[in-house]
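Worksheet for the structure shown next.
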Amino acid sequence: MVCSALRRVAHVRVYLVRTASSVSRGHRHLALGSRPATSESAARGAPGSVVELLGQSYPQDDYSNISQKVLSRIGRNLHNQQHHPLWLIKERVKEHFYKQYVGRFGTPLFSVYDNFSPVVTTWQNFDSLLIPADHPSRKKGDNYYLNRTHMLRAHTSAHQWDLLHAGLDAFLVVGDVYRRDQIDCQHYPVFHQLEAVRLFSKHQLFAGIKDGESLQLFEQSSRSAHKQETHTMEALKLVEFDLKQTLTRLVTHLFGDGLDIRWVDCYFPFTHPSFEMEINFHGEWLEVLGCGVMEQQLVNSAGAQDKIGWAFGLGLERLAMILYDIPDIRLFWSEDERFLKQFHVSDINQKVKFQPLSKYPAVINDISFWLPSENYTENDFYDLVRTIGGDLVEKVDLIDKFEHPKTHKTSHCYRITYRHMERTLSQREVTRVHQAVQEAAVQLLAVEGRF
């Protein structure tokens with residue numbers, strides 16, 4: 001029974017690559033940056049196969065779920081492409097930290113790492129950050145796994161422990177991260193993060209504080225909503241103050257003076273207390289980053305037991321969409337010169353307001369089907385739609401759920417909005433893509449079509 005199930009999985013994955021390749025051959029000009037899916041069965045992990053990625057070989061197993069669409073994005077490194085809007089944001093943040101924070105010998109206090117491989121171990125992505133084994137963020141439906149031990153990083157925090165273990169105590173990490181998610185103008189399976197960490201020794205934190213020599217970083221007490229059990233209140237308050245001051249200076253540098261800022265308490269497994277920073281931009285409160293005081297257990301495990309620190313992480317696309325008024329996250333992957341040339345500026349701090357390309361009309365098609373009795377997740381369907389439709393798909397909305405009163409089977413109806421960023425689509429060509437989505441959903445997800 002197991003062998004037949006594995007053969008069926010391999011069969012439907014080969015079916016998907018053939019379907020995707022057929023659509024791609026017929027409409028190579030449909031999606032921005034789309035490429036034919038030529039090895040979907042390997043990419044999605046038929047057990048026993050191997051995927052080659054960035055010069056390494058990874059054996060596939062029952063956890064492997066990376067689509068060819070996602071594989072085609074690895075190595076693009078938009079954050080390192082000169083004059084790309086994500087590069088501009090990265091460079092502005094780098095410049096700010098280099099100028100504002102200088103070490104004892106006049107060199108930058110923060111080192112910058114922006115070329116790490118996106119392939120990490122599950123230990124790096126989860127365990128090193130104290131994320132529990134049963135935490136929902138580990139779900140296969142939310143991540144891209146090469147196999148049970150390796151994955152595409154879901155956050156740049158995956159490199160935190162290694163850098164701390166190497167003895168670094170102030171650094172920025174920038175890179176592409178990968179998550180399975182919904183489809184709309186603000187979500188994409190690949191996006192880019194910038195992470196920062198700073199540690200303080202007792203001398204560094206209490207320097208300049210009256211009677212600072214008598215103050216301590218650590219104590220043994222009880223954990224509260226506002227403090228870890230190992231931190232003294234004096235140390236916590238100083239680290240939290242430095243973190244919020246650092247971030248206030250950063251967003252003021254990016255957005256200008258007079259910005260209204262507020263801090264919202266939140267939860268992250270690797271910081272406590274934790275906060276989200278919101279800014280009031282054009283009359284609307286927008287969340288721009290997450291941050292907090294690093295969990296001392298994480299710091300201790302990396303070998304920095306005598307230090308305390310903070311960390312924050314922000315999304316480059318999120319900031320660029322706000323700063324440059326970019327309406328659709330797919331645009332960051334565009335190779336259209338009408339988009340890219342708008343960010344060719346002589347000064348990285350020059351104000352840029354994106355001038356929209358002509359907005360071509362949308363073509364909307366619905367798809368409905370009965371769900372299988374088990375092993376269905378919405379992210380599986382979204383990933384399938386992206387694999388077949390590429391960047392031609394603007395958004396997918398679940399518009400209706402229905403449970404049959406007698407059979408108790410559940411039906412989902414999704415509305416798929418197709419819109420090309422560079423030309424007008426015809427219903428005929430969209431129909432071909434949409435039919436491929438329908439057929440692949442039946443074959444790969446074991447749904448029962450209602451079309």
Side-chain angles (χ1 to χ4, degrees), residues 32-33 73 75-103 105-116 156 170-177 185-186 188 190-196 245-261 277 279-282 284 286 288-289 312-359 391 421-422:
L32 299 177
R73 297 305 194 216
R76 289 283 300 275
N77 296 330
L78 301 182
H79 61 289
N80 288 336
Q81 292 184 18
Q82 193 169 12
H83 297 300
H84 191 280
L86 300 183
W87 176 84
L88 286 178
I89 298 290
K90 182 197 75 171
E91 291 300 309
R92 292 186 67 188
V93 174
K94 272 175 55 179
E95 179 190 64
H96 173 76
F97 273 86
Y98 281 171
K99 288 183 176 179
Q100 289 290 321
Y101 307 98
V102 179
F105 305 107
T107 56
L109 181 65
F110 285 82
S111 50
V112 178
Y113 302 89
D114 60 8
N115 205 29
F116 285 149
T156 47
F171 53 83
L172 305 179
V173 180
V174 194
D176 44 336
V177 299
C185 66
Q186 294 186 339
Y188 200 80
V190 191
F191 58 104
H192 298 75
Q193 282 188 341
L194 184 147
E195 171 108 1
Q245 184 182 63
T246 298
L247 291 173
T248 299
R249 287 173 177 165
L250 174 61
V251 296
T252 299
H253 170 69
L254 294 173
F255 290 90
D257 295 324
L259 199 64
D260 288 332
I261 295 171
M277 177 195 236
I279 62 171
N280 193 308
F281 193 67
H282 297 326
E284 182 180 1
L286 302 172
V288 291
L289 57 84
F312 75 80
L314 55 84
L316 295 184
E317 281 88 347
R318 176 75 168 155
L319 283 183
M321 291 176 82
I322 297 170
L323 274 170
Y324 303 139
D325 205 18
I326 297 173
D328 193 313
I329 196 169
R330 292 176 299 163
L331 281 164
F332 292 108
W333 296 92
S334 174
E335 295 178 356
D336 189 330
E337 276 302 310
R338 294 176 298 167
F339 173 74
L340 296 174
K341 70 180 181 182
Q342 297 187 40
F343 302 95
H344 279 252
V345 292
S346 57
D347 179 359
I348 60 174
N349 293 305
Q350 180 178 327
K351 288 188 176 181
V352 178
K353 180 175 174 60
F354 170 63
Q355 299 301 314
L357 312 180
S358 298
K359 188 160 187 177
D391 288 351
M421 306 293 286
E422 297 169 7

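Remember, it's a predicted structure, so these values are computed and weren't measured experimentally.
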Mind checking whether [X] and [Y] have side chains closer than 4.5 Å, heavy atoms only?
X      : Y      : result
Val177 : Phe191 : yes
Leu194 : Thr156 : no
Glu91  : Leu88  : no
Met277 : Ile261 : yes
Thr246 : Leu250 : no

Problem - Whether Phe332 and Phe339 hold their rings parallel, tilted or perpendicular, with breakpoints at 30° and 60° - result: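 Rings of Phe332 and Phe339: perpendicular, as their planes differ by over 60°.
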
Problem - Parallel, tilted or perpendicular, as decided by the 30° and 60° cut-offs, for the rings of Phe116 and Tyr113 - result: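 If you compare the ring of Tyr113 with that of Phe116, the planes turn out parallel.
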
Handout entry: Residues Glu95, Arg92: salt bridge by 4.0 Å N-O rule
Key =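 Salt bridge absent between Glu95 and Arg92.
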
Problem - Note: Asp176-Arg73 ion pair, threshold 4.0 Å (strictly below) - result: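 Result for this pair is no, no salt bridge flagged.
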
Handout entry: Distance, nearest 0.5 Å, that separates NE2 of His84 from NE2 of His79
Key = 11.0 Å

Practice task
Indicate yes or no for a side-chain donor-acceptor contact from Thr107 to the backbone of Gly103 under 3.5 Å, with no hydrogens or angles considered.
Solution key: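 No: the side chain of Thr107 does not pair with the backbone of Gly103.
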
Considering non-hydrogen atoms only, spot the tightest contact between [X] and [Y] and give its length.
X      : Y      : value
Lys99  : Val102 : O-CG2, 3.9 Å
His83  : His344 : CD2-ND1, 3.7 Å
Tyr324 : Pro85  : CE1-O, 3.9 Å
Asn80  : Asp114 : ND2-O, 3.0 Å
Pro327 : Cys185 : O-CB, 3.7 Å

Problem - More than 12 heavy atoms from other groups under 6.0 Å of CG on Asp257 - result: no

Problem - Residues Met421, Asp391; criterion side chain to side chain contact (heavy atoms under 4.5 Å, CB included); working and verdict - result: CA-CA 9 Å; Met421 306 293 286; Asp391 288 351; over 6 Å; no

